[in-house]
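The analysis underlying the following values was restricted to heavy atoms, covering all of them including side chains, and did not include hydrogens, waters or symmetry mates. Everything numeric in this text was worked out from a predicted model, so none of it was measured.
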Amino acid sequence: MRYLSFLLFPFALLYGAIVRLRHWCYNTGIFKEHTFAVPTICVGNVAVGGTGKSPMVEYLVRQLHPKCRVAVLSRGYKRKTKGFVLADAQATVADLGDEPFQFWQKFHKDIILAVCGDRVEGMRQLLQLPTPPTVVILDDAFQHRPVKATKNIVLTAYGQLFTDDWLLPVGRLRDVVSRVQQADIVVVTKCPPDLSVAERERIVAQLQKKTRPQTPIVFATIAYSEQVYSVAGESPLESFIQQPFTLVTGIANPQPLLDFLKRKGADFQHIAFPDHHHFTDKELQQLQGLRVLTTEKDYVRFEQSWEGLYYLPIEMQFCTNEDAVKFGTVFGAFMQE
């Protein structure tokens with residue numbers, strides 16, 4: 001691995017130079033940034049996948065609604081449509097992409113949801129609606145400089161901090177660490193439930209070297225549902241794991257889920273697919289008949305369901321009340337819109 005990293009190092013330097021040149025063009029006005037009258041909250045990161053953006057978007061929706069008329073604007077990764085698509089009752093995962101479709105299924109009564117590769121055009125379309133949003137959540141848009149967000153949330157996963165990483169293709173960073181200077185708050189996600197005070201202090205000291213002096217750094221963990229769900233209804237998780245099952249994941253970082261189930265004493269086999277994997281007919285046939293547990297994000301990509309296919313919802317939860325208060329202080333004004 002060290003030899004491979006050495007070979008890839010020049011490509012990482014070249015990639016970093018291109019990224020820095022792009023940012024320079026935006027910073028100097030050669031490339032235009034657009035601002036909009038409606039407040040915008042950008043949820044993003046500087047690494048590729050696996051930092052918990054979807055749970056953060058869902059947390060924001062729960063906090064902002066019904067105080068605000070909330071819209072979520074996403075790129076719609078791996079969708080089969082083009083251009084601007086406004087979600088409606090007929091929308092499918094192929095129309096929106098897996099994560100936006102998950103938001104829509106869960107919050108369709110509470111939000112406006114749209115996908116558009118061109119976020120500037122997406123914002124314009126949203127603001128032309130008969131009843132436009134009063135706040136827009138920009139999903140995975142920290143690298144999308146054409147829209148200048150009102151507030152930026154940067155996520156970094158515990159155990160995979162951006163300060164310990166390197167640019168692609170050597171590491172997992174898709175952006176330069178200096179961009180974190182533009183964050184209004186940094187959230188360390190997927191923390192273990194028993195994170196110690198000493199470990200928190202160590203991480204804060206490490207991250208503060210790359211952030212602005214007053215940027216809050218808070219800690220969050222994953223809260224797993226006590227119920228699992230299938231087409232047949234819901235069942236207690238504790239009852240479900242009493243029997244062996246197959247865990248199927250197509251997410252960037254399934255390790256926290258694996259750790260959680262192991263702590264529960266579950267007996268399972270794990271089949272891992274790449275992030276955003278679309279299951280083929282052959283794969284579905286091989287899985288049918290098995291007792292399968294998957295993530296909510298993966299579940300929406302199963303084009304066939306059976307009674308033995310279950311999913312386990314998750315939510316983002318701040319580790320302490322102090323973390324939640326710090327986060328609320330940054331975004332309290334949005335809830336008064």
Pairwise side-chain contact, Gln105 with Glu296, heavy-atom cut-off 4.5 Å (strictly under): no
Do Lys151 and Ile185 come close enough that some side-chain heavy atom pair is under 4.5 Å? no
Verify, without hydrogens or angle tests, whether Trp104 (side chain) and Ile111 (backbone) share a donor-acceptor contact under 3.5 angstrom. no
Regarding Arg145 and His23, is there a side-chain donor-to-acceptor distance under 3.5 Å anywhere? yes
Step by step, would you call Thr156 with Gln160 a side-chain contact (heavy atoms from CB on, under 4.5 Å)? CA-CA 7 Å; Thr156 187; Gln160 295 179 324; over 6 Å; no
List the steps and the verdict of side chain to side chain donor-acceptor pair (under 3.5 Å) for Gln285 and Asp281. CA-CA 6 Å; Gln285 289 173 4; Asp281 290 340; over 6 Å; no
Are Phe103 and Tyr299 co-members of a hydrophobic cluster defined by side-chain heavy atoms under 4.5 Å apart? no
Residue pair Asp98 / Gln102, side-chain donor-acceptor N/O under 3.5 Å: no
When rounded to the nearest 0.5 Å, the distance separating CZ of Phe31 from CH2 of Trp24 is 9.5 Å
Ser54 side chain to Glu99 backbone, donor-acceptor under 3.5 Å: no
Indicate yes or no: at least one non-hydrogen side-chain atom of Val136 is less than 4.5 angstrom from one of Leu138. yes
Treating Ile, Leu, Val, Met, Phe, Trp and Tyr as nodes and any side-chain heavy-atom pair under 4.5 angstrom as an edge, say whether Met123 and Val135 lie in one connected cluster. no
Only distances under 3.5 Å count here; give the side-chain donor-acceptor pairs of residues 189-201 to other protein atoms, sequence neighbours excluded, each with its distance to 0.1 Å.
from, atom 1, to, atom 2, distance (Å)
Thr189, OG1, Thr51, O, 2.6
Lys190, NZ, Gly50, O, 2.9
Ser196, OG, Glu199, N, 3.1
Glu199, OE1, Arg202, NE, 3.1
Glu199, OE2, Tyr158, OH, 3.2
Glu199, OE2, Arg202, NH2, 3.0
Arg200, NH1, Asp323, OD2, 3.0
Arg200, NH2, Asp323, OD1, 3.0

Rounded distance (nearest 0.5 Å) linking atom CD1 of Ile18 with atom CG of Leu13: 11.5 Å
Within the side chain of Asp298, is there an N or O that forms a donor-acceptor pair under 3.5 Å with the backbone of Gly250? yes
List the steps, then state whether side-chain contact (heavy atoms from CB on, under 4.5 Å) holds for Leu261 with Leu293. CA-CA 11 Å; Leu261 292 172; Leu293 180 66; 4.3 Å; yes
Gap between atom CZ of Arg20 and atom CG of Asp175 - 0.5 Å precision: 9.5 Å
Verify whether one side chain among Gln90 and Asp95 offers a donor that lies under 3.5 Å from an acceptor in the other. no
In terms of relative ring orientation, are Phe260 and Tyr224 parallel, tilted or perpendicular, with 30° and 60° separating the classes? parallel
Only one of Ile217, Val218, Val188 passes side-chain contact (heavy atoms from CB on, under 4.5 Å) with Val204; say which it is. Ile217
Arg174 side chain to Ala47 backbone, donor-acceptor under 3.5 Å: yes
ILVMFWY network linking Val120 to Val115, side-chain heavy atoms under 4.5 angstrom: no
Between Phe36 and His34, what is the ring plane arrangement, given parallel below 30°, perpendicular above 60°, and tilted in between? parallel
Shortest non-hydrogen contact between Arg22 and Pro146, atoms and distance: NH2-CD, 4.4 Å
Quick one, Val46 and Asp165 - any side-chain contact, counting heavy atoms below 4.5 Å? no
Please name the residue in the list Arg124, Gln125, Arg119 that meets the side-chain hydrogen bond (donor to acceptor under 3.5 Å, both in side chains) test with Glu121. Gln125
The reported gap from CG in Leu168 to CG in Leu14 (rounded to nearest 0.5 angstrom) is 12.5 Å
Within the 4.5 Å heavy-atom criterion, are His65 and Phe107 side-chain neighbours or not? no
Is the charged tip of Arg179 near the ring of Phe142: under 6.0 Å from the six-membered ring centre and within 45° of its axis? yes
Would you check if Val19 and Leu167 make a side-chain contact, meaning some heavy-atom pair closer than 4.5 Å? no
Is the backbone of Asn152 close enough, under 3.5 Å, to the side chain of Asp184 for a donor and an acceptor to pair up by distance? yes
Taking the six-membered ring for Trp, are Phe268 and His270 closer than 6.0 Å centroid to centroid? no
Test item: Arg62 and Met316 side chains (from C-beta on) under 4.5 Å apart, heavy atoms: no
Point-to-point distance, once rounded to the nearest 0.5 Å, from CG of Leu257 to CD1 of Ile222: 8.0 Å
Give the intermediate values and the outcome of side-chain contact (heavy atoms from CB on, under 4.5 Å) for residues Gln206 and Lys210. CA-CA 8 Å; Gln206 184 172 331; Lys210 301 297 182 180; over 6 Å; no
For Val330 and Pro216, which heavy atoms make the closest approach, and how far apart are they? CG2-CG, 4.1 Å
With distance as the sole test, does Thr294 use its side chain to make a donor-acceptor pair with the main-chain N or O of Tyr311 at under 3.5 Å? no
Tyr26 atom OH, neighbour heavy-atom count above 12 within 6.0 Å: yes
side-chain contact (heavy atoms from CB on, under 4.5 Å) between Leu60 and Met56, intermediate numbers included: CA-CA 6 Å; Leu60 287 170; Met56 173 58 76; 4.2 Å; yes
What distance do Cys116 atom SG and Leu86 atom CG have between them, rounded to the nearest 0.5 Å? 11.0 Å
I'd like to know if the side chain of Trp306 reaches the main chain of Leu290, judged simply by a donor and an acceptor atom lying under 3.5 Å from each other, with no hydrogens or angles considered. yes
Minimal non-hydrogen separation, Phe327 against Ile153, with atom names: CZ-CD1, 3.8 Å
Residues, nucleotides or ligands: over 12 heavy atoms within 6.0 Å of Lys148 NZ: no
Please check if Phe273 and Leu258 belong to a single hydrophobic cluster, counting links between Ile, Leu, Val, Met, Phe, Trp and Tyr side chain heavy atoms closer than 4.5 Å. no
Of all heavy-atom pairs linking Pro133 and Ala71, the shortest is CB-CB, 3.6 Å
Arg172 side chain to Val48 backbone, donor-acceptor under 3.5 Å: yes
Enumerate donor-acceptor pairs with a distance under 3.5 Å from any side-chain N or O in residues 226-248 to protein atoms, sequence neighbours excluded.
from, atom 1, to, atom 2, distance (Å)
Ser230, OG, Ala232, N, 3.1
Glu238, OE2, Lys264, NZ, 2.5
Gln242, NE2, Glu238, O, 2.8

Using only atom types and a distance under 3.5 Å, with no angle test, would you say the side chain of Arg291 pairs donor to acceptor with the backbone of Gly308? no
Can you list every pair that meets side chain to side chain donor-acceptor pair (under 3.5 Å) and has a residue in residues 68-77, with sequence neighbours left out? Ser74-Asp139
Single-linkage hydrophobic cluster Leu126~Leu113, side-chain heavy atoms < 4.5 angstrom: no
Can you confirm whether Ile41 sits close enough to Leu64 that some side-chain heavy atom of one is under 4.5 Å from a side-chain heavy atom of the other? yes
Asp275/Lys53 ion pair, N-O < 4.0 Å: no
